[in-house]
Amino acid sequence: DDSSAEDDAAPDTGSEAAPETEPASDSASASEPTDDEESGAEAEGLRTTYPLTFETCGVESTLEGPPESIVVYYEFEEPLLIWGLGDTIQSWVTFVEGSTYPGLSDADYEGISTTTDQPSREAILEMSPDLIVTASDFAWNEEAGFLGREDLNEAGIATWLPESLCAQDKSDPTPEEAERLENRGFDQVLEDITELGVIVDRQAEAAELVDEMSTKMAEVEARVPEGDPVRVAILVGPADGSEINGVYTGGTNEDIIERVGGFNPFVSPDRGQYTSFSAEELVVTPLDVIMTDATMDPGGNDSVLGLFPTWPAAEQGRIGNV
């Protein structure tokens with residue numbers, strides 16, 4: 001089913017081909033198990049050596065030991081839950097509920113404090129987590145009233161934003177940062193998961209997750225039939241599905257759509273990760289499959305389909321959430 005192929009292939013945490021298990025940076029380190037640990041070495045894999053210093057987006061952070069308190073902004077809560085680190089998630093700033101990853105359920109999220117409001121300067125200092133994990137530079141947007149990364153580090157709070165996401169929601173990204181974001185694909189997400197596994201001392205588990213996701217992607221790609229790709233786009237709108245504000249274009253979304261036999265007709269070289277469109281502008285370009293942003297409640301799908309009744313996707317009910 002093309003409408004669900006993307007969900008089957010990769011969750012919002014995900015990426016591809018299992019890379020070597022490496023430290024997060026040249027200054028991060030890992031050690032082989034000792035002789036006393038040889039019996040469990042194969043199962044446990046490499047262990048992270050602390051203190052661990054790593055650098056992303058030009059900022060260094062140091063962890064004195066495995067993080068016991070983590071604040072997650074927007075994404076990357078799924079691998080932490082998969083690795084059994086749910087108890088370390090002190091707060092999760094999110095606009096979605098639950099997971100799209102097979103094997104995780106609502107029960108896995110019980111007990112995790114979630115909020116749609118990003119903590120203020122005072123609140124984050126009071127929480128004093130060991131580590132902040134984010135998928136967006138907005139997590140430390142000082143103009144919006146939040147603590148910058150340097151201030152957080154001075155307070156003893158390590159911060160991690162994957163190198164490929166440095167430009168995400170950043171007002172003044174460098175050309176190199178913007179290019180990395182535009183070219184971010186499934187493979188890069190896998191590398192991010194590997195790096196996060198080093199930081200939180202879950203290297204073996206990260207390698208297992210990367211292998212699992214790579215296998216799933218390969219299986220989906222193998223099922224893609226010969227012929228013209230289907231027209232697919234990820235539409236963005238409010239949770240009630242009453243309107244559409246635009247389309248996600250470029251980056252990981254585009255890579256996955258193409259891998260599973262689709263193409264996004266709204267993509268063009270002069271567009272970034274997101275392009276604003278009205279429903280009137282969209283309706284003239286029919287889609288065979290509609291995907292909706294994770295912020296849209298599945299209960300709103302009828303409303304989304306109702307906006308584009310002449311599209312093949314609406315006529316065949318081919319719609320899914322990412």
Students often mix this up, so state it plainly: with edges at 30° and 60°, are the rings of F277 and F266 parallel, tilted or perpendicular?
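Ring orientation, 0 to 90° scale: tilted.
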Measure up the F146 and F138 rings against each other and bin them: parallel (under 30°), tilted (30 to 60°), perpendicular (over 60°).
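Rings of F146 and F138: perpendicular, as their planes differ by over 60°.
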Pairwise side-chain contact, [X] with [Y], heavy-atom cut-off 4.5 Å (strictly under):
X	Y	value
L81	I112	yes
M127	I124	yes
L181	P173	no
V200	I70	yes
R184	D192	yes
N264	E254	yes
P162	E195	no
M213	I193	yes

If you round to the nearest 0.5 Å, how far is CD1 of I82 from CG of D108?
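Answer for the CG-CD1 pair, D108 versus I82, is 9.0 Å.
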For S69 and Q90, what are the C-alpha separation, side-chain angles and deciding distance, and is it a side-chain hydrogen bond (donor to acceptor under 3.5 Å, both in side chains)?
CA-CA 6 Å; S69 173; Q90 185 174 1; 2.4 Å; yes
Testing the basics here: between [X] and [Y], what is the closest heavy-atom pair and its distance to 0.1 Å?
X	Y	answer
F76	A135	CE1-CB, 3.9 Å
A233	L287	CB-CD1, 3.7 Å
W140	Q118	N-NE2, 4.4 Å
A158	F54	CB-CZ, 4.3 Å
T159	T56	O-OG1, 4.4 Å
E163	R180	O-NE, 3.3 Å

Hey, is [atom1] on [X] packed in by over 12 heavy atoms from elsewhere, all under 6.0 Å?
X	atom1	value
D87	CG	no
D172	CG	yes
E142	CD	yes
E179	CD	no

Taking ring pair (Phe, Tyr, Trp, His ring centres under 6.0 Å) as the cut-off, I'd like each qualifying pair that reaches into residues 191-226, sequence neighbours left out, listed once.
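Every candidate ring pair (Phe, Tyr, Trp, His ring centres under 6.0 Å) pair involving residues 191-226 fails, so no pair, neighbours aside, qualifies.
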Begin from the C-alpha positions of Y109 and E77 and carry the test side-chain contact (heavy atoms from CB on, under 4.5 Å) through to its verdict.
CA-CA 10 Å; Y109 286 78; E77 89 291 345; 2.8 Å; yes
Applying a strict under-4.5 Å side-chain criterion to I, L, V, M, F, W and Y, I'd like to know whether L104 and L209 cluster together.
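Yes; L209 is reachable from L104 via cluster members.
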Is there a path of hydrophobic side-chain contacts, each under 4.5 Å between heavy atoms, that joins V284 and V304?
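Shared cluster, yes.
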Hey, are K216 and E212 close enough for a salt bridge, meaning a charged N less than 4.0 Å from a carboxylate O?
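Judged by the 4.0 Å cut-off on N to carboxylate O distance, K216 and E212 do form a salt bridge.
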